[in-house]
Structure formats: structure tokens, C-alpha cells
2 protein chains.
Amino acid sequence: MTDPSVTGVARPTHKPDTRTRRPVEEREAQIIDAAFLAFAEAGLDETRLEDIARLAGVAKGTIYLYFPNKEALFREMIRRTVLVRLDELEHAPHDADAVTDFARVVRSYWQYINEPQFPVLYRLVTGVLPRLPELSQFFAERVSLRWQRLLQSCIDACIRDGVFGREQAAGAARMLHALLMQHALMRANPTICDAIGLHDADAVMDRVLSFFRAAMRPSPPPTHAADDSTH
Amino acid sequence: MTDPSVTGVARPTHKPDTRTRRPVEEREAQIIDAAFLAFAEAGLDETRLEDIARLAGVAKGTIYLYFPNKEALFREMIRRTVLVRLDELEHAPHDADAVTDFARVVRSYWQYINEPQFPVLYRLVTGVLPRLPELSQFFAERVSLRWQRLLQSCIDACIRDGVFGREQAAGAARMLHALLMQHALMRANPTICDAIGLHDADAVMDRVLSFFRAAMRPSPPPTHAADDSTH
DNA sequence: TGTAAAAATGACTGACCGGTCAGTATCGTT
DNA sequence: AACGATACTGACCGGTCAGTCATTTTTACA
């Protein structure tokens with residue numbers, strides 16, 4: 001008996017520093033990581049605390065030393081996983097060139113929502129919406145709205161520079177967000193991804209951006225040519 | 001024993017319309033409707049069979065006369081609710097005019113995904129994805145892919161007519177689908193809907209269509225004016 | 001009205017699992 | 001080494017609920 005997984009490792013080499021409290025954060029992270037994996041596979045209700053405990057390499061009771069209950073663990077897991085990398089991305093300094101800036105932000109967003117965690121989070125949050133509405137609110141605020149604001153500011157800069165026309169300015173960020181988000185979600189769905197070939201993430205983003213730029217390109221001066229559309 | 005769904009019809013009784021078996025379908029529909037309401041509120045796991053039974057006005061045991069278990073009831077509820085109105089829409093005869101046709105199909109799709117049931121179905125299906133992957137496949141096939149094909153055929157017709165340019169032809173239906181779907185989902189999320197004002201469904205659709213048309217408008221002839229963009 | 005079959009009922013059962021806590025192991029200090 | 005203090009464990013408890021089935025109600029028909 002006893003636990004062979006961790007015991008006996010930490011030899012008392014005098015005492016380098018009192019790391020007594022360090023393990024607390026480690027344990028939490030350990031449990032959170034395990035929770036992500038377990039919840040990702042089975043969702044909030046179908047996941048048993050035992051499973052999380054086993055994945056984390058601790059006993060079930062240990063989880064309750066760090067989180068008051070299953071739901072709180074779930075919530076905290078979502079919170080932390082959503083926030084990973086989000087802040088650093090937003091706080092990156094703006095470039096001088098509006099176009100470069102725009103491209104950089106779009107790429108960051110695209111990267112973020114195409115990491116494998118993202119669709120999982122989206123699914124988990126969506127799945128528990130009626131039970132944990134504040135979580136969905138948090139998600140909407142932190143992801144959808146935040147990025148839309150960021151995108152809009154880049155787009156506005158491009159409009160000021162004359163790269164984009166003014167015609168589609170209103171809601172342009174929403175459109176771009178919709179295109180990117182939906183494509184990321186489609187890519188995460190094997191049925192759809194296979195059916196319409198979205199495997200190459202870069203290619204998909206280029207395609208979306210090309211479409212977006214086409215919509216945003218300034219109108220030609222009013223030369224009223226009736227039907228010059230021949231191929 | 002035997003199959004209750006069809007048996008007894010061939011009775012040579014002189015009664016002209018033996019409605020003997022009519023209640024069977026009624027009961028099923030009754031239970032399915034109640035299941036939709038109950039599942040919509042709490043999801044697959046959190047919904048108790050008792051709740052569904054109470055909503056349907058039957059006893060719990062009765063449900064098991066019509067559905068083998070909870071999961072099958074859930075699946076069947078999704079299947080039927082997804083299919084409602086889908087076929088009739090697709091089978092409507094095509095118009096002669098490509099533009100009118102396009103507008104009609106887009107409006108149908110928009111209507112479909114903005115009915116209050118739709119986001120609920122989307123959420124439910126998304127929520128149980130790892131457990132019932134074939135359901136998500138069904139949903140993807142019946143909604144996303146089917147409509148994308150339909151949209152693409154309308155768009156192609158518009159391109160042939162010169163209304164849309166050829167440049168963005170590839171994946172145009174996917175783009176439009178992404179825009180419409182994501183906007184419908186955002187509209188169903190109170191946090192987002194309130195934050196960016198998407199309450200007026202018609203206005204939102206117009207905005208999306210305007211953006212889409214801007215992207216699809218044929219390019220002007222190649223007058224290579226370098227920087228004519230100054231308003 | 002009688003009666004047999006079909007339909008519906010809801011009390012019951014047993015598996016399951018979130019949460020508890022008495023007990024054990026480990027660590028830091030003296 | 002001895003002694004708290006702290007971290008961890010996992011058997012256990014109790015509530016819950018999907019699914020069952022003996023019983024009751026309804027229906028069909030003579």
C-alpha cells in the first residue's frame with residue numbers, strides 16, 4: 001500500500017528555502033490541468049471526481065482541500081484556461097503601421113481560437129449555459145467582445161489610412177469576428193472540417209482575410225459603368 | 001409484445017376510421033415537446049425523466065412505452081426538432097431570377113436559425129458532442145453543410161449572371177454561412193446581444209447582406225491607379 | 001353490460017457518485 | 001528523537017434518479 005507516485009522523492013537536504021507553501025500552487029495547477037482533460041472528454045456532469053483525482057495523481061479528498069466543490073472547480077478551470085495568453089496578446093504594443101497592426105491582431109486572434117483548448121472551452125461553456133450563466137457572460141466578455149473591440153480599433157486605423165473604405169465600417173469587427181470564430185469552430189468539427197477541407201489553418205485564415213479585404217476595399221470612384229462585368 | 005405502432009390497423013371492423021392507433025403519435029409528440037422544453041432548460045443530464053413526464057402530463061413509466069431510454073428520447077427529440085421546416089424550405093422551387101432566389105434562400109436560412117428553438121438545439125447538441133458524436137454529425141450535415149450547398153448554388157447563379165464577381169467565389173457560401181450563423185448565435189446570447197445591439201433581426205440581416213454584397217461586388221476594370229483612395 | 005386486451009401508472013430498487021472525515025504520512029522545528 | 005502542524009487519503013454515507021413491473025384504468029367490441 002502507500003502511494004508510490006510521489007513519496008520518498010524529496011530528500012531533506014538541510015533546507016534550501018521553506019518551500020512549504022509552494023506545493024499549494026502546484027497542486028492546484030495539477031488538479032486544474034487534470035480537470036481540463038477530464039471535463040473536455042466528458043463534460044461537467046459525466047465527469048466523476050474520481051477521474052479527475054486519478055488523472056491528477058491525488059485522492060478524491062485532496063481536491064476538496066483546494067476547491068469547495070465540483071462546480072467551483074469547473075468554473076475555476078474555465079476561468080484560468082480562458083485567460084491563458086489572453087492578456088499578453090492584448091497588451092502587446094501597437095505598431096505604427098495600421099495595416100501591419102491589423103494583420104498582427106488578426107493572426108493573434110486566429111491563433112488563440114485555433115488552439116485545441118479553445119473549441120473545448122467553447123463547448124463546455126456553451127453546454128452549461130443555463131446552469132452557469134455568469135460563466136457564459138465571462139466568456140462572452142473576455143473573448144467575443146474584447147477581441148471585437150480590439151479588432152475594431154485596428155480596422156478604424158486602417159480606414160483612417162484609407163486602406164479600408166468607410167462604407168462597411170459599422171460592424172466590420174463583428175463581421176471579421178464572425179468569420180474567424182465560425183471558421184475556427186468548423187475546423188474543430190471533424191464532420192465539417194473533412195467535408196469542406198479546412199485542415200490548413202493558414203490557408204483558411206488567408207481565405208477569410210481575402211474575403212474581408214474584398215468587402216472593405218474602398219469603392220471605386222463613381223464611374224457608372226453599367227455592365228462591365230464580363231469575366 | 002409485437003409492434004404496437006402498426007398492429008391492429010387491418011382490423012376488418014365495420015368502423016370506418018379506427019382511430020385506435022391515433023393516440024400513439026399524439027403521445028409521442030406530446031412527450032417530445034415536453035422533452036424539448038425540459039432539456040432546453042436543464043440539458044441532458046440535469047433533466048429528470050419525472051420533469052418531462054410532468055410537463056407531458058403522463059407518468060414516468062409511460063415514457064418508456066414510447067422510448068427505450070432517456071438518451072434515445074433526447075436523440076429523437078433533437079432529430080425531429082432539427083428537421084421541422086427544413087425540408088419544406090429546401091424543396092421550394094427555384095426562382096427564375098438568381099438574385100431573387102438568393103435573397104429568398106438567405107432569408108429562409110436566417111429565419112430558420114433565428115427561431116428560438118435553434119440556439120437551444122445548437123447548445124444541446126454542442127453540449128453532448130463527445131457523448132453522442134453521431135448527433136453532432138447529423139446536425140452538421142443537416143444544417144451547416146446542407147445550407148452551405150444551397151447557398152453556394154444560389155451564389156453561383158448570381159455569379160453567372162454577373163451580379164457577383166468571380167474573385168471571391170470559392171468558399172463564398174461558407175463565408176455567408178459563417179456570418180449568418182455567428183450573428184444568430186450572438187443574438188441568442190443576451191450578454192453579447194445587449195452589448196452590441198443586435199435586437200432587430202431584420203436590421204442585422206441587412207447589415208450582414210450588405211457586407212457580403214460588398215465583398216462579392218465585381219472588381220472594377222484594372223485601372224491601376226496607385227493611391228486614389230483619398231476620399 | 002361484460003370482458004379481454006392495451007395503455008398507463010407510480011412505488012420501488014439498486015447503481016452511482018458528490019461530498020465527508022477519521023485516520024495516516026510527511027515535514028519543519030527543537 | 002520527539003512533537004506538533006500540515007497535507008493527504010480513501011472508505012463510507014446518503015441522496016438521487018434511471019429504469020422496472022405489478023397493479024389499475026381505459027378502450028374496443030360483442
Side-chain angles (χ1 to χ4, degrees), chain A residues 1-31 34-35 38-39 42-75 131, chain B residues 1-31 34-35 38-39 42-75 131:
Chain A
M1 46 126 62
T2 79
D3 181 14
S5 62
V6 205
T7 16
V9 178
R11 287 283 46 175
T13 63
H14 293 306
K15 38 195 150 169
D17 56 17
T18 58
R19 67 194 41 180
T20 340
R21 288 286 82 79
R22 228 259 303 260
V24 169
E25 285 172 18
E26 275 175 20
R27 273 272 182 276
E28 269 192 22
Q30 211 175 14
I31 294 169
F39 284 135
L44 173 54
D45 288 306
E46 284 289 290
T47 301
R48 271 126 69 235
L49 256 318
E50 293 274 16
D51 296 338
I52 299 175
R54 189 160 17 79
L55 273 174
V58 300
K60 186 166 66 154
T62 305
I63 294 176
Y64 285 89
L65 299 178
Y66 295 90
F67 304 93
N69 56 48
K70 188 184 182 181
E71 206 171 279
L73 168 58
F74 182 81
R75 215 192 329 262
R131 218 163 124 196
Chain B
M1 49 118 75
T2 78
D3 180 14
S5 62
V6 209
T7 19
V9 179
R11 289 275 46 161
T13 64
H14 32 270
K15 302 259 181 162
D17 68 325
T18 55
R19 68 197 39 186
T20 341
R21 289 285 86 78
R22 228 259 304 259
V24 169
E25 285 173 18
E26 276 174 19
R27 274 272 182 276
E28 270 192 24
Q30 212 174 13
I31 293 169
F39 284 135
L44 174 52
D45 289 306
E46 284 289 290
T47 300
R48 271 125 66 230
L49 256 318
E50 293 274 17
D51 296 338
I52 299 175
R54 190 161 15 82
L55 272 174
V58 301
K60 185 165 69 155
T62 306
I63 294 176
Y64 285 89
L65 299 177
Y66 297 90
F67 304 93
N69 55 50
K70 189 183 180 181
E71 205 170 279
L73 168 59
F74 182 81
R75 217 191 330 262
R131 218 163 124 196

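Computed from heavy atoms alone, side chains included, the values below leave out hydrogens, waters and symmetry copies. Lettering of chains follows the sequences in order, A, B, ..., and the numbering in each one begins at 1.
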Of the nucleotides [options], which has the atom closest to the [X] side chain?
X: A/K60; options: D/dT9, D/dC12, C/dC12; result: D/dC12
X: B/N69; options: D/dC8, C/dA8, D/dG19; result: D/dG19
X: A/R48; options: C/dG18, D/dT9, C/dT9; result: C/dG18

Donor-acceptor pair under 3.5 Å: do we get one between A/K70's side chain and the base of C/dG19?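 No pair found.
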For A/A53 and A/A59, which heavy atoms make the closest approach, and how far apart are they?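 In terms of heavy atoms, the two residues are closest at CB-C, 3.8 Å.
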Interatomic distance where [atom1] belongs to [X] and [atom2] belongs to [N] [whole Å]:
X: A/Y64; N: D/dT9; atom1: OH; atom2: P; answer: 15 Å
X: B/I63; N: C/dG10; atom1: CD1; atom2: P; answer: 12 Å
X: A/L65; N: D/dT9; atom1: CG; atom2: C1'; answer: 9 Å
X: B/I31; N: C/dT9; atom1: CD1; atom2: C1'; answer: 13 Å
X: B/D51; N: D/dC17; atom1: CG; atom2: P; answer: 8 Å
X: A/D45; N: D/dA18; atom1: CG; atom2: P; answer: 11 Å
X: B/E26; N: C/dA7; atom1: CD; atom2: C1'; answer: 14 Å
X: B/L49; N: D/dC21; atom1: CG; atom2: C1'; answer: 16 Å

Please examine the side chains of [Y] and [X], heavy atoms only from C-beta on, and report whether any two atoms are closer than 4.5 Å.
X: A/F39; Y: A/I52; result: yes
X: A/K70; Y: A/L73; result: no
X: A/R75; Y: A/E71; result: yes
X: B/R131; Y: B/L44; result: yes

Residue whose closest nucleotide on DNA chain C lies nearer the 5' end, B/E50 versus B/G57: B/G57
Under 4.0 Å between a side-chain N or O of B/Y66 and OP1 or OP2 of C/dA7?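 The answer is no; no side-chain N or O of B/Y66 sits under 4.0 Å from OP1 or OP2.
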Look at all strands and tell whether A/F67 reaches a base, only sugar-phosphate, or nothing, counting heavy atoms closer than 4.0 Å. nothing
